[in-house]
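Right, one structure below, let's go through it.
Values below: every heavy atom of this structure, side chains too, minus hydrogens, waters and symmetry copies.
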Amino acid sequence: MIVRPPATRWVRPLLMAVASGVATLGCWAFFVDTEQGQRIDTLSYLGAQIGTERVTPTFESILEVVSVSGLALVMVAVALTALLRRRWLLALEAAVVVAAANISTRVLKYHVLDRPLLVDWEGLHHNTYPSGHTTAAASAMVAALLVAPRVLRSLVAVIGATVMVVFGYGTLAARWHRPSDVVGAFLVCFTWAFAALAVSGLRERLLLSRLPRPRLRPASRVVPTLMLLAGAFALAVAGLCAHRVWDITGIFVTTRAEQLTSYLGGAAGICGVAFTGMGLLLRGVQKTDLLAEDAGRHAETWADEYHSE
């Protein structure tokens with residue numbers, strides 16, 4: 001069956017990109033720019049001290065994978081995947097997403113956002129929001145999802161979210177970053193990923209609006225739905241933990257249990273944002289699905305049907 005692409009396919013990812021960008025600034029505004037937010041964030045960071053002798057060496061070795069050379073290798077694999085699918089513009093868009101996410105993270109951290117000293121604590125006083133290491137890993141994962149073929153998208157989304165959680169939690173466990181730094185990095189990457197989907201949808205609208213296309217079998221919603229449910233559950237746990245430590249007024253008089261509660265909330269928040277964001281991005285990619293392999297293989301057939309009508 002021949003259909004024409006919807007006129008507003010680009011609107012939803014554009015709104016998601018705007019929402020992610022607003023959430024990036026909102027996360028900084030609360031967890032960095034308010035005393036209450038800094039207190040909760042700092043408690044999570046202090047909670048990472050418990051058991052740090054056992055987990056820090058492991059996660060530091062994992063975090064060392066994130067380097068310029070490592071990121072370059074991932075980008076080569078992403079580009080080759082897109083090129084093998086004959087998606088030249090998609091390869092360019094994925095590269096732009098990675099570059100834009102990492103550059104904007106550095107600009108935000110070092111030139112735009114600051115960290116006022118609202119909690120008297122001898123620790124990370126300088127601004128560390130968003131996390132550069134987490135951005136590097138997360139941007140590679142969202143780029144991989146953007147270029148993944150239909151049959152592998154769900155798997156790539158789940159693996160990508162898991163990798164994001166491992167690297168994000170690793171920076172917390174190794175005490176390189178606070179939870180908000182990791183969440184901010186995720187949101188930056190999702191902002192640019194959804195913006196790329198919006199550009200792809202607008203390009204299809206402008207260039208392919210007159211070209212009939214086949215109605216491909218809808219992608220399954222099972223995996224993105226499960227990812228959203230998992231993310232929502234983790235965010236609920238994070239909210240509950242934040243509520244339990246909300247009334248704490250001094251971080252130096254907190255108990256081990258209170259620090260662990262905040263630590264658990266920070267880890268749950270990292271997990272929740274990663275799986276929720278990747279679930280939404282997976283659904284967005286499924287809906288956009290521009291110039292899929294099926295379209296390339298059967299383009300001549302569609303053209304014949306179009307001209308015969």
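At a threshold of 4.5 Å between non-hydrogen side-chain atoms, the residues Y110 and T105 do not count as touching. Annotation: side chain of F31 is not in contact with side chain of V183 (no heavy-atom distance under 4.5 Å).
Other residues, nucleotides and ligands contribute over 12 non-hydrogen atoms within 6.0 Å of the CH2 atom of W28.
Panel note: side chain N102, backbone V98; a donor-acceptor pair is recorded below 3.5 Å. Side-chain N or O atoms of K109 include one that pairs as donor or acceptor with a backbone N or O of P130 at under 3.5 Å. Of the possible polar contacts, one joining the Y45 side chain to the R175 backbone as a donor-acceptor pair under 3.5 Å is found. Side-chain N or O atoms of Q38 include one that pairs as donor or acceptor with a backbone N or O of P116 at under 3.5 Å. A distance-only check finds a donor-acceptor pair linking the side chain of T191 to the backbone of G21 [under 3.5 Å].
Interatomic distance, OG1 of T261 versus CG of L43, reported as 9.5 Å (0.5 Å rounding). Taken from CZ in F275 to CG in L235, the straight-line distance is 11.5 Å, to the nearest 0.5 Å. One distance of note links CD1 of I103 with CH2 of W192; it measures 9.0 Å at 0.5 Å rounding. Rounded to the nearest 0.5 Å, atoms CD1 (I40) and SG (C241) are 10.5 Å apart. Once rounded to the nearest 0.5 Å, the distance linking CZ of R283 with CG of L197 reads 12.5 Å. D41 contributes atom CG, which lies 11.5 Å from atom NE2 of H177 (distance to the nearest 0.5 angstrom).
Of the N and O atoms on the side chains of R178 and T128, at least one donor lies less than 3.5 Å from an acceptor on the other residue. Looking only at atom types and distance, the side chain of S44 has a donor-acceptor partner in the side chain of S262 under 3.5 Å away.
When the side chains of ILVMFWY residues are joined at heavy-atom separations under 4.5 Å, either directly or via intervening members, L282 and L226 end up in two distinct hydrophobic clusters. Both V151 and V158 are assigned to one and the same hydrophobic cluster, defined by single-linkage of ILVMFWY side chains at heavy-atom distances under 4.5 Å. Transitive grouping of hydrophobic side chains (ILVMFWY, heavy atoms separated by less than 4.5 Å) keeps L145 and V96 in distinct clusters. Hydrophobic clustering (ILVMFWY, side-chain heavy atoms < 4.5 Å, transitive): M227 and F233 are in distinct clusters. Linking ILVMFWY side-chain heavy atoms closer than 4.5 Å, directly or via other members, places V147 and L92 in two distinct hydrophobic clusters.
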Requested in this report: Begin with the C-alpha distance, continue with both residues' side-chain angles, and end with the deciding distance and a verdict on side chain to side chain contact (heavy atoms under 4.5 Å, CB included) for F190 and M278.
Outcome: CA-CA 8 Å; F190 290 139; M278 288 297 275; 3.8 Å; yes
Query - Trace of the side chain to side chain contact (heavy atoms under 4.5 Å, CB included) decision for F194 with L14 - result: CA-CA 6 Å; F194 282 114; L14 177 62; over 6 Å; no
Report task. Dump the intermediate steps for side chain to side chain contact (heavy atoms under 4.5 Å, CB included) on L264 and L260, then the final yes or no. Result -> CA-CA 6 Å; L264 173 62; L260 277 175; over 6 Å; no
Report task. Output, in order, the C-alpha distance, side-chain angles, deciding distance and verdict of side chain to side chain contact (heavy atoms under 4.5 Å, CB included) for V165 and F186. Result -> CA-CA 10 Å; V165 170; F186 289 166; 5.6 Å; no
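Contact detail for A238 and A268: the closest heavy-atom pair is N-CB, 3.9 Å. In terms of heavy atoms, A185 sits closest to T135 at CB-OG1, 3.2 Å. The two residues L146 and L90 make their nearest non-hydrogen contact at O-CD2, 3.5 Å. Heavy-atom minimum distance, T276 versus L228: O-CD2, 3.5 Å. The nearest pair of heavy atoms linking A101 to S104 is O-OG, 3.0 Å. Here the closest non-hydrogen pair linking A196 and E93 is O-OE1, 4.2 Å.
Ring pair F30/W246 is parallel by interplanar angle, where below 30° counts as parallel and above 60° as perpendicular.
Counting only residues at least two apart or on different chains, the salt bridge (Lys or Arg N to Asp or Glu O under 4.0 Å) pairs with a member in residues 19-36 are E35-R39.
With sequence neighbours left out, A267 forms a side-chain contact (heavy atoms from CB on, under 4.5 Å) with Y169.
If you run side chain to side chain contact (heavy atoms under 4.5 Å, CB included) between T171 and each of I270, T134, D181, only T134 comes through.
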